[in-house]
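The structure appears below as C-alpha coordinates.
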Amino acid sequence: MKRRIFERWFAAPGMGEAGEGARKTQIRVIILLLAAIALSSAVLFMGRLIKDKDGECEWTVEVRKKGVPVDTYRGNYNLSSLVIYLDEVEAGYCYKEIDGREVILDRELPKDYSVILLTIDRATDFSVMMRGVYVLLPVCLALAIAAVIINYRSFYRPTRSIYVMRRLRDGGELHRRCLTIPLVGLIAAVILCVVLTVVYYKLYFRETMPVRLPNKVTFNVWRTLVWWS
(Lines give C-alpha, C1' and ligand atoms only; values in the text may rest on other atoms or scores of the structure.)
Protein backbone atom coordinates (compact mmCIF):
# COMPACT_ATOMS: atom_id res chain seq x y z
CA MET A 1 0.00 0.00 0.00
CA LYS A 2 2.77 2.44 0.94
CA ARG A 3 4.56 1.63 -2.27
CA ARG A 4 1.44 2.42 -4.32
CA ILE A 5 1.04 5.80 -2.61
CA PHE A 6 4.72 6.54 -3.18
CA GLU A 7 4.43 5.65 -6.87
CA ARG A 8 1.53 8.07 -7.33
CA TRP A 9 3.96 10.97 -6.94
CA PHE A 10 5.83 10.08 -10.12
CA ALA A 11 5.15 10.70 -13.79
CA ALA A 12 4.96 8.06 -16.53
CA PRO A 13 8.64 6.96 -16.47
CA GLY A 14 8.37 6.25 -12.72
CA MET A 15 5.13 4.32 -12.78
CA GLY A 16 4.83 0.64 -11.86
CA GLU A 17 7.57 -1.88 -11.23
CA ALA A 18 9.34 -0.92 -14.45
CA GLY A 19 9.69 2.64 -13.17
CA GLU A 20 11.48 1.77 -9.91
CA GLY A 21 14.85 2.70 -11.37
CA ALA A 22 13.51 6.05 -12.57
CA ARG A 23 12.04 6.77 -9.15
CA LYS A 24 15.33 6.03 -7.39
CA THR A 25 17.23 8.15 -9.88
CA GLN A 26 14.99 11.17 -9.27
CA ILE A 27 15.39 10.87 -5.49
CA ARG A 28 19.17 10.53 -5.86
CA VAL A 29 19.30 13.64 -8.04
CA ILE A 30 17.45 15.65 -5.38
CA ILE A 31 19.79 14.42 -2.64
CA LEU A 32 22.86 15.21 -4.75
CA LEU A 33 21.59 18.72 -5.48
CA LEU A 34 20.96 19.38 -1.79
CA ALA A 35 24.43 18.10 -0.92
CA ALA A 36 25.95 20.29 -3.65
CA ILE A 37 24.16 23.39 -2.30
CA ALA A 38 25.32 22.67 1.25
CA LEU A 39 28.93 21.95 0.26
CA SER A 40 29.39 24.83 -2.19
CA SER A 41 27.81 27.39 0.14
CA ALA A 42 29.91 26.18 3.09
CA VAL A 43 33.13 26.41 1.08
CA LEU A 44 32.34 29.93 -0.15
CA PHE A 45 31.11 31.37 3.15
CA MET A 46 33.68 29.73 5.42
CA GLY A 47 36.49 30.66 3.04
CA ARG A 48 35.47 34.32 3.20
CA LEU A 49 34.96 34.20 6.96
CA ILE A 50 38.43 32.73 7.51
CA LYS A 51 40.02 35.23 5.11
CA ASP A 52 38.35 38.09 6.97
CA LYS A 53 39.27 36.74 10.39
CA ASP A 54 40.23 39.09 13.20
CA GLY A 55 43.90 38.14 13.00
CA GLU A 56 44.34 39.93 9.65
CA CYS A 57 42.69 43.23 10.48
CA GLU A 58 44.54 46.52 10.80
CA TRP A 59 44.29 48.30 14.11
CA THR A 60 45.70 51.23 16.08
CA VAL A 61 45.93 51.39 19.85
CA GLU A 62 47.04 54.21 22.08
CA VAL A 63 48.73 53.94 25.45
CA ARG A 64 47.68 56.65 27.88
CA LYS A 65 48.99 57.76 31.25
CA LYS A 66 46.49 59.64 33.37
CA GLY A 67 44.42 60.06 30.22
CA VAL A 68 47.27 61.67 28.29
CA PRO A 69 48.52 59.80 25.14
CA VAL A 70 52.11 58.61 25.53
CA ASP A 71 52.52 56.06 22.72
CA THR A 72 50.74 54.58 19.69
CA TYR A 73 50.92 51.07 18.25
CA ARG A 74 49.76 49.96 14.81
CA GLY A 75 49.64 46.57 13.19
CA ASN A 76 47.83 44.22 10.85
CA TYR A 77 48.51 41.01 12.74
CA ASN A 78 46.46 39.35 15.43
CA LEU A 79 45.88 41.64 18.38
CA SER A 80 46.78 38.70 20.61
CA SER A 81 50.37 39.32 19.51
CA LEU A 82 50.30 42.89 20.78
CA VAL A 83 53.09 43.57 23.24
CA ILE A 84 53.27 46.95 24.92
CA TYR A 85 56.54 48.29 26.29
CA LEU A 86 56.01 51.16 28.68
CA ASP A 87 58.57 53.90 29.22
CA GLU A 88 59.11 53.19 32.90
CA VAL A 89 58.75 49.41 32.75
CA GLU A 90 60.17 47.43 29.84
CA ALA A 91 57.76 44.55 30.20
CA GLY A 92 55.28 43.09 27.76
CA TYR A 93 51.56 43.15 28.35
CA CYS A 94 49.71 40.90 25.91
CA TYR A 95 46.22 41.59 24.64
CA LYS A 96 43.43 39.48 26.04
CA GLU A 97 40.18 40.95 24.77
CA ILE A 98 38.49 44.14 23.69
CA ASP A 99 35.77 45.64 25.84
CA GLY A 100 34.11 48.37 23.83
CA ARG A 101 37.05 50.51 22.70
CA GLU A 102 39.36 49.53 25.57
CA VAL A 103 42.00 46.85 25.19
CA ILE A 104 41.97 44.54 28.20
CA LEU A 105 45.36 43.01 28.98
CA ASP A 106 46.14 39.71 30.63
CA ARG A 107 48.29 41.43 33.24
CA GLU A 108 47.43 44.47 35.27
CA LEU A 109 48.93 47.68 33.93
CA PRO A 110 50.90 49.96 36.20
CA LYS A 111 48.80 52.57 37.92
CA ASP A 112 47.48 55.41 35.75
CA TYR A 113 48.11 53.53 32.46
CA SER A 114 45.41 52.50 30.02
CA VAL A 115 45.30 51.14 26.48
CA ILE A 116 42.60 52.47 24.14
CA LEU A 117 41.67 51.08 20.74
CA LEU A 118 41.58 54.01 18.29
CA THR A 119 40.81 52.28 15.01
CA ILE A 120 40.22 48.78 13.75
CA ASP A 121 39.17 47.40 10.36
CA ARG A 122 35.50 46.62 10.19
CA ALA A 123 34.58 43.09 9.26
CA THR A 124 33.07 42.46 5.84
CA ASP A 125 29.29 42.83 5.95
CA PHE A 126 27.33 39.58 6.22
CA SER A 127 25.50 40.39 2.99
CA VAL A 128 28.82 40.59 1.10
CA MET A 129 30.06 37.34 2.62
CA MET A 130 26.88 35.63 1.43
CA ARG A 131 27.30 36.76 -2.18
CA GLY A 132 26.61 33.89 -4.55
CA VAL A 133 26.64 31.17 -1.90
CA TYR A 134 23.32 29.81 -3.19
CA VAL A 135 24.08 30.17 -6.88
CA LEU A 136 22.92 26.56 -7.32
CA LEU A 137 19.39 27.39 -6.13
CA PRO A 138 18.44 29.03 -9.46
CA VAL A 139 19.85 25.90 -11.11
CA CYS A 140 17.46 23.83 -8.98
CA LEU A 141 14.59 26.07 -10.10
CA ALA A 142 15.53 25.61 -13.76
CA LEU A 143 15.80 21.84 -13.29
CA ALA A 144 12.43 21.73 -11.53
CA ILE A 145 10.76 23.60 -14.41
CA ALA A 146 12.45 21.31 -16.93
CA ALA A 147 11.35 18.25 -14.93
CA VAL A 148 7.73 19.45 -14.89
CA ILE A 149 7.76 19.91 -18.68
CA ILE A 150 9.35 16.49 -19.20
CA ASN A 151 6.81 14.90 -16.85
CA TYR A 152 3.86 16.28 -18.78
CA ARG A 153 5.39 15.30 -22.11
CA SER A 154 6.00 11.76 -20.84
CA PHE A 155 2.26 11.13 -20.80
CA TYR A 156 1.94 12.02 -24.48
CA ARG A 157 4.64 9.74 -25.78
CA PRO A 158 5.68 7.11 -26.45
CA THR A 159 2.69 5.28 -24.89
CA ARG A 160 0.17 8.19 -25.00
CA SER A 161 -0.98 7.30 -21.49
CA ILE A 162 -2.53 10.78 -21.31
CA TYR A 163 -5.80 9.20 -22.51
CA VAL A 164 -5.81 6.86 -19.50
CA MET A 165 -5.13 9.77 -17.15
CA ARG A 166 -8.02 11.77 -18.59
CA ARG A 167 -10.46 8.94 -17.91
CA LEU A 168 -9.58 8.82 -14.19
CA ARG A 169 -12.15 10.15 -11.70
CA ASP A 170 -9.44 12.12 -9.91
CA GLY A 171 -8.84 15.05 -12.24
CA GLY A 172 -5.78 16.12 -10.25
CA GLU A 173 -3.93 12.83 -10.73
CA LEU A 174 -2.03 14.03 -13.78
CA HIS A 175 -0.92 17.28 -12.18
CA ARG A 176 0.05 15.55 -8.94
CA ARG A 177 2.29 13.14 -10.81
CA CYS A 178 3.90 15.88 -12.87
CA LEU A 179 4.40 18.51 -10.15
CA THR A 180 4.99 16.70 -6.84
CA ILE A 181 8.60 15.51 -7.12
CA PRO A 182 9.98 18.69 -8.79
CA LEU A 183 8.21 20.86 -6.17
CA VAL A 184 9.37 18.66 -3.28
CA GLY A 185 12.96 18.97 -4.48
CA LEU A 186 12.70 22.74 -4.93
CA ILE A 187 11.04 23.29 -1.54
CA ALA A 188 13.65 21.09 0.15
CA ALA A 189 16.40 23.21 -1.45
CA VAL A 190 14.79 26.45 -0.24
CA ILE A 191 14.38 25.10 3.31
CA LEU A 192 18.02 23.96 3.28
CA CYS A 193 19.16 27.45 2.24
CA VAL A 194 17.12 29.06 5.03
CA VAL A 195 18.63 26.70 7.63
CA LEU A 196 22.16 27.27 6.30
CA THR A 197 21.64 31.04 6.37
CA VAL A 198 20.71 30.90 10.06
CA VAL A 199 23.80 28.79 10.78
CA TYR A 200 26.10 31.13 8.83
CA TYR A 201 24.57 34.18 10.54
CA LYS A 202 25.33 32.76 13.96
CA LEU A 203 28.87 31.80 12.90
CA TYR A 204 29.44 35.32 11.58
CA PHE A 205 28.68 36.88 14.95
CA ARG A 206 30.47 34.18 16.92
CA GLU A 207 33.72 34.41 14.95
CA THR A 208 33.87 38.21 14.66
CA MET A 209 34.92 40.51 17.47
CA PRO A 210 31.97 42.75 18.41
CA VAL A 211 34.14 45.84 17.94
CA ARG A 212 34.76 44.84 14.29
CA LEU A 213 31.12 44.35 13.36
CA PRO A 214 29.73 46.83 10.79
CA ASN A 215 27.52 49.57 12.16
CA LYS A 216 24.63 47.88 10.35
CA VAL A 217 24.75 44.18 9.48
CA THR A 218 22.65 43.58 6.37
CA PHE A 219 21.37 40.58 4.43
CA ASN A 220 20.15 40.55 0.84
CA VAL A 221 18.41 37.42 -0.49
CA TRP A 222 19.03 38.33 -4.14
CA ARG A 223 22.76 38.70 -3.51
CA THR A 224 23.01 35.10 -2.29
CA LEU A 225 21.82 33.83 -5.69
CA VAL A 226 24.17 35.69 -8.03
CA TRP A 227 27.89 36.49 -8.29
CA TRP A 228 27.71 39.98 -9.75
CA SER A 229 25.58 41.80 -7.14
Side-chain angles (χ1 to χ4, degrees), residues 2 5-15 19-54 56 121-156 172-208 212-229:
K2 289 183 179 180
I5 295 174
F6 182 66
E7 288 179 5
R8 291 185 67 183
W9 297 350
F10 294 84
M15 294 170 62
E20 184 175 358
R23 293 194 295 271
K24 289 182 178 179
T25 298
Q26 291 181 52
I27 298 301
R28 290 192 187 107
V29 169
I30 291 175
I31 293 174
L32 286 174
L33 284 172
L34 295 178
I37 290 174
L39 181 60
S40 62
S41 66
V43 169
L44 288 172
F45 178 79
M46 294 305 298
R48 292 166 184 166
L49 187 63
I50 292 172
K51 185 177 180 181
D52 195 62
K53 63 184 179 181
D54 300 331
E56 296 181 0
D121 279 353
R122 294 287 185 179
T124 303
D125 186 31
F126 181 70
S127 182
V128 176
M129 284 199 174
M130 292 292 288
R131 188 182 71 248
V133 294
Y134 301 136
V135 71
L136 291 182
L137 189 57
V139 175
C140 290
L141 175 60
L143 290 176
I145 294 173
V148 169
I149 295 173
I150 292 172
N151 286 346
Y152 276 106
R153 288 176 63 87
S154 70
F155 285 98
Y156 287 87
E173 180 78 12
L174 173 65
H175 302 300
R176 180 168 57 247
R177 287 182 177 275
C178 294
L179 297 174
T180 299
I181 296 303
L183 286 179
V184 165
L186 184 60
I187 292 171
V190 172
I191 292 174
L192 175 64
C193 290
V194 171
V195 172
L196 289 174
T197 299
V198 173
V199 173
Y200 297 153
Y201 191 75
K202 290 183 177 180
L203 280 173
Y204 177 77
F205 279 90
R206 192 184 75 178
E207 300 298 324
T208 305
R212 289 198 64 219
L213 290 172
N215 293 326
K216 184 179 180 181
V217 178
T218 63
F219 174 68
N220 186 296
V221 175
W222 171 252
R223 178 170 277 184
T224 66
L225 306 177
V226 294
W227 285 101
W228 56 86
S229 62

Any side-chain heavy-atom pair of [X] and [Y] under 4.5 Å:
X    : Y    : value
I37  : C193 : yes
V135 : L225 : no
R177 : N151 : no
V148 : L179 : yes
V221 : R223 : no
Y200 : S41  : yes

About how many Å separate [atom2] of [Y] and [atom1] of [X], when rounded to the nearest 0.5 Å?
X    : Y    : atom1 : atom2 : value
C140 : I30  : SG    : CD1   : 9.5 Å
I191 : L196 : CD1   : CG    : 12.0 Å
L186 : I145 : CG    : CD1   : 8.5 Å
L39  : L32  : CG    : CG    : 11.5 Å
M129 : L203 : CE    : CG    : 11.0 Å

Verify, without hydrogens or angle tests, whether Y204 (side chain) and L49 (backbone) share a donor-acceptor contact under 3.5 angstrom.
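It does not hold such a pair.
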
Whether the side chain of R48 engages the backbone of R131 through a donor-acceptor N/O pair (distance < 3.5 Å, no angle test) should be reported.
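Yes, R48 side chain to R131 backbone: donor-acceptor pair under 3.5 Å.
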
So, for [X] and [Y], which heavy atoms are closest and what is the spacing to 0.1 Å?
X    : Y    : answer
L136 : S40  : CD1-OG, 3.7 Å
P214 : A123 : CG-O, 3.5 Å
R122 : N215 : NH2-OD1, 3.4 Å

So, D52 versus T124: side-chain donor-acceptor pair below 3.5 Å or not?
yes

Aromatic plane relationship, Y201 with F126 - under 30° parallel, 30 to 60° tilted, over 60° perpendicular:
perpendicular

Full working for side chain to side chain contact (heavy atoms under 4.5 Å, CB included) between T197 and Y134:
CA-CA 10 Å; T197 299; Y134 301 136; 2.9 Å; yes

V217 vs D125, test: side chain to side chain contact (heavy atoms under 4.5 Å, CB included). Steps then yes/no.
CA-CA 6 Å; V217 178; D125 186 31; 3.9 Å; yes

